[in-house]
A.B. asks: 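Got a structure for you, questions after.
Since this is a predicted model, take the numbers as computed values, not measurements. Just so it is clear, the values below take in all heavy atoms, side chains as well, and ignore hydrogens, waters and symmetry mates. Just so it is clear: chains get the letters A, B, ... in the order the sequence lines come, proteins before strands, and each one is counted from 1.
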Amino acid sequence: MDPTVLAIWVVRLLFLGLLYVFLWSVVRVLVRDLRSAAREPATELGRLVVLASPGGEPPVGSAFRLDAVTTLGRDVNNAIVIEDDFASAQHAALTYRGRAWYLEDLDSTNGTFVNGTQVAGLAPVAFGDELQLGQVRLRLERPRVDRPRG
Amino acid sequence: MTAGAAAGPRPAPLWGIRPRLRGRELGLLAIVGAAITVGSVALGATQRLAAAGDGTPSPATLFAPADVAILATYLGALLVAHLLLVLAGRRTDQVLLPAVGLLGGIGLLLMERLPQSLAGNLGGLARTQLVWLLIGVAIVAALAVAVRNDAWLRRYKYTWAAAGVTLLLLTFVFGRDVNGARLSLQIGPLTGQPSELLKVILVVFLAGYLSENRPLLVEESTRVGPLRLPPLPYLAPMVAMLAIALGIVVVERDLGAAMLFFLVFLLLLYVVTARVSYVAIGVAAFLAGGAVLYELFGVVRDRVNIWLDPFADAAGSGYQVIQALHAFARGGILGTGLGNGLPTIGGRPPIPALHTDFPLAALGEELGLVGVLAILGVYLVLIERGLRIAAAAEDEFRAILAAGLSLVIGVQAFIIAAGNLKLIPLTGITLPFISYGGSSLLANSVIVGLLIALSDRGREIKPPPAARRRFGRSGPLLGRAP
C-alpha cells in the first residue's frame with residue numbers, strides 16, 4: 001500500500017478515535033456526577049401535599065416534610081393528624097425503606113387508597129401518587145432540594 | 001487572576017468579578033480541539049492528494065489543516081466562550097459547551113468538504129456556517145453568563161405564546177415558498193425560519209403552563225369510558241395552543257416541525273404527570289391525525305409512499321432517500337475518510353439538500369458506522385445532561401423547562417437521523433448544530449445557553465464558622481449562617 005495513503009488512513013482513524021476519547025471522558029464525568037449526587041444526603045425524603053380535606057385539618061395546600069416513618073390518623077400523637085370523621089385513630093403509616101416509599105394500612109375502619117385502589121397491608125407508592133384516608137386526599141411529592149440562597 | 005484562583009480558596013473580587021475555574025470544561029474542550037484539528041488535517045490531506053493527481057506532494061505540505069483560518073477562528077471562539085464562563089464565576093454545567101462545540105466542529109468540517117457554491121453569500125458554505133457558529137457560541141456564552149432570573153420567561157408565558165403564533169402567521173402570509181413548504185420569512189435583509197424559534201417558545205409556554213396546573217392535570221375527574229382524564233377546562237388552553245401551532249405548521253407543510261412539537265408536547269406531559277395513559281392517548285391521536293393528513297395532503301402521502309418504497313420512483317421522488325441509503329452503505333464501518341466520499345456530479349453532490357437535511361448521510365459515508373454512532377452518542381450526552389439539570393432544578397418550572405429544552409434537541413436529532421436512515425418517513429428538519437443554516441443554529445444555541453444558565457447550582461455553601469468565637473461554647477450553635 002502507498003505509504004501516503006496509509007498515513008492518511010492513520011490520521012482518519014485518529015480522528016474517529018478522538019471522538020471516542022471525548023465520549024469516554026464525558027461519560028466518566030457523568031458517572032462521577034451521578035455517584036456524587038447519589039451520595040449527597042437529602043435534607044428531606046419527600047413531601048406530602050394536602051389536596052382535599054373537608055374537615056379543614058390538615059388545611060388544603062399545606063405540605064409536610066417527611067421523615068423515614070410518618071404515621072397518619074385522627075389521634076393527636078400521629079405525625080400528621082387528620083381531622084376527618086372517616087379516618088381512624090391510627091389510620092396508616094408511610095415509610096421509606098431502601099430507596100422506595102411504602103404505605104401501610106394500620107387496620108383502619110374505612111381503608112386507605114392509593115390512586116383510587118384500596119391498599120391491602122403494604123403497598124409501594126411513587127412520587128406523584130395520590131393517597132386517600134377517609135375524605136382526605138394527599139399527594140406524595142419529590143423532596144425539594146435544599147439550596148443555599150444566593 | 002486564574003493562577004490566584006488555583007492557589008487560594010477564593011480569589012479576591014476584582015471589579016466585582018469572581019472567576020471560578022472550570023477544569024472539566026477546559027479538559028473536554030482540549031479533546032474537542034484536538035479532534036477537530038486532526039479531522040481538519042485528514043480532510044486537508046485527502047483533498048490535496050486528490051488535487052495533486054499523479055505527483056505526490058511532500059508530507060509537510062500534505063498534512064496540514066484544510067483551512068487554518070476557519071479552524072483557528074472556531075477553536076478560538078470556543079476558548080473565549082470558556083473564558084467568559086470562567087469569569088462569570090457561576091457553578092454551571094461544564095459538559096454542554098464542549099459537546100455542542102464538537103458537534104458544531106464536525107458540521108464545520110462537513111461544510112468545508114462540500115462544494116462551497118452550494119449556499120451562503122459570505123464567501124462560500126463553510127465561511128457562512130462559521131459566521132453563524134460564531135454568533136451561536138456568542139449567544140450560548142451570553143445567555144449562560146447573563147440569565148440569572150427566570151421570571152421574564154415564567155410570568156409572560158401567554159405573551160410568548162402569542163408572539164410565537166404571530167410569527168407563524170406572518171410566515172404564512174408573507175413567507176417565501178421553498179420546495180413546496182412555506183418556511184422562511186424575510187424581514188429586510190434577514191431571512192429566517194420562524195418554526196425553529198417557535199420550538200423554544202413552545203417549550204417555555206408549556207413549562208409555564210404545566211408547572212402551574214400540574215396538580216389539576218394529575219387529578220382524574222373526567223372519565224371517558226375506561227380512560228380517566230384531567231378536568232377538561234384546564235386542558236383547553238394547552239390543547240388550543242398546540243392545535244394552533246400544529247395547524248399552522250401543517251398548513252405551511254412543515255411536517256418535521258409539526259412532528260417535533262407534538263412529540264415534545266407528549267414527552268413533557270409524561271414528565272409532568274407520569275401517566276402512561278396520556279401518552280397512549282397522544283400516540284393514538286398522533287396516528288389518527290397522521291391517517292387524516294395522509295388522506296388530505298399530497299405532501300404527506302408522498303413522504304409515506306417514498307418511505308414505504310423509495311425504489312418505486314428511484315430517479316424521481318425516491319432519489320434522495322436512495323442516495324442517502326447508498327451513502328450509508330458506501331461508508332461501511334470505518335467510512336471512506338473525510339473528503340473522500342462520492343465525487344460530486346457536475347459540481348453538485350448527489351443529494352440535493354445534503355447540507356441541511358442529509359448531513360448524517362454524508363457523515364455516514366465519510367466517517368462510517370463508527371463515526372455516526374459517536375455523533376449520536378454526543379446527542380445522548382446532551383439529553384442526559386438536560387435531564388440531570390431538570391432533576392436537580394429547584395422548582396417545577398425550571399425542571400420542566402430544562403427537560404423540555406433538552407428533549408427538543410434530542411427529538412429533533414432523532415427525527416432527522418431516523419429520516420435519513422429510512423427508519424421513519426423523511427421530514428425536512430435540521431440536524432441540531434451540524435446542519436447548515438442560521439435559524440437552526442441560533443435557536444439551538446439559545447436552548448443550550450438557557451440550559452447552562454438553568455444548571456446554576458447557586459453559591460457554594462459556606463463552611464460552618466470555626467468554633468473559636470468570642471462567646472465560647474455557644475459559638476458554633478448560634479453562629480450558623482442563615
A.B. asks: Which one, A:D129, A:L30, A:V10, A:V49, leads in non-hydrogen pairs under 4.5 Å with chain B?
C.D. replies: A:L30

A.B. asks: Chain A: which of B:L43, B:T336, B:V32, B:L380 shares the most heavy-atom pairs with it under 4.5 Å?
C.D. replies: B:T336

A.B. asks: Select one option (side chain, backbone, both, neither) describing which atoms of B:R148 are under 4.5 Å from chain A's heavy atoms.
C.D. replies: neither

A.B. asks: Would B:L367 and A:F15 count as a side chain to side chain contact (heavy atoms under 4.5 Å, CB included) if you check the C-alpha gap in whole Å, the side-chain angles of each, and the deciding distance to 0.1 Å?
C.D. replies: CA-CA 9 Å; B:L367 301 179; A:F15 174 58; 3.6 Å; yes

A.B. asks: If you count heavy atoms of other groups shown closer than 6.0 angstrom to CG of A:D75, is the number above 12?
C.D. replies: yes

A.B. asks: Check each atom of B:A99 against the heavy atoms of chain A and say whether the ones under 4.5 Å are side chain, backbone, both or neither.
C.D. replies: both

A.B. asks: I would like to know whether B:Q94 and A:V29 meet side chain to side chain contact (heavy atoms under 4.5 Å, CB included); could you show each step before the answer?
C.D. replies: CA-CA 9 Å; B:Q94 303 193 25; A:V29 170; over 6 Å; no

A.B. asks: What residue pairs, at least two apart or across chains, pass side chain to side chain donor-acceptor pair (under 3.5 Å) with a residue in residues 21-33 of chain A?
C.D. replies: A:D33-B:R24, A:D33-B:R385

A.B. asks: Looking at every non-hydrogen atom in both residues, tell me the closest pair between B:A42 and A:R12 and how far apart they are.
C.D. replies: CB-CG, 4.1 Å

A.B. asks: Grab the two heavy atoms, one from A:L18 and one from B:I31, that are nearest each other, plus how far apart they are.
C.D. replies: O-CG2, 4.0 Å

A.B. asks: Could you walk me through whether A:L14 and B:V41 pass the side chain to side chain contact (heavy atoms under 4.5 Å, CB included) test, one step at a time?
C.D. replies: CA-CA 11 Å; A:L14 187 63; B:V41 169; over 6 Å; no

A.B. asks: What part of B:L373 lies closer than 4.5 angstrom to a heavy atom of chain A: side chain, backbone, both or neither?
C.D. replies: both

A.B. asks: Can you say whether A:L23 sits under 4.5 Å from chain B via the side chain, the backbone, both, or neither, judging by heavy atoms?
C.D. replies: side chain

A.B. asks: List the steps, then state whether side chain to side chain contact (heavy atoms under 4.5 Å, CB included) holds for A:F22 with B:V381.
C.D. replies: CA-CA 11 Å; A:F22 175 79; B:V381 166; over 6 Å; no

A.B. asks: With respect to chain B, which residue among A:L34, A:V27, A:L13 yields the maximal number of heavy-atom pairs within a distance under 4.5 Å?
C.D. replies: A:L34

A.B. asks: Side chain from CB out, backbone as N, CA, C, O: work out which of these in A:I8 comes under 4.5 Å of a heavy atom of chain B, or both, or neither.
C.D. replies: both

A.B. asks: For B:L334, which atoms come within 4.5 Å of any heavy atom of chain A: side chain, backbone, both, or neither?
C.D. replies: both

A.B. asks: In residues 118-128 of chain A, what donor-acceptor pairs under 3.5 Å come from side-chain atoms, sequence neighbours left out?
C.D. replies:
none

A.B. asks: Based on non-hydrogen pairs under 4.5 Å, which of B:G39, B:A45, B:A34, B:G371 is most in contact with chain A?
C.D. replies: B:G39

A.B. asks: Is B:L29 close to chain A through its backbone or its side chain, or both, or neither, when contacts mean heavy atoms under 4.5 Å?
C.D. replies: neither

A.B. asks: Can you confirm whether more than 12 heavy atoms, excluding those of A:F86, are under 6.0 Å from its CZ atom?
C.D. replies: no

A.B. asks: Compare every heavy atom of A:Y20 with every heavy atom of B:V370, then report the nearest pair and how far apart it is.
C.D. replies: O-OH, 2.6 Å

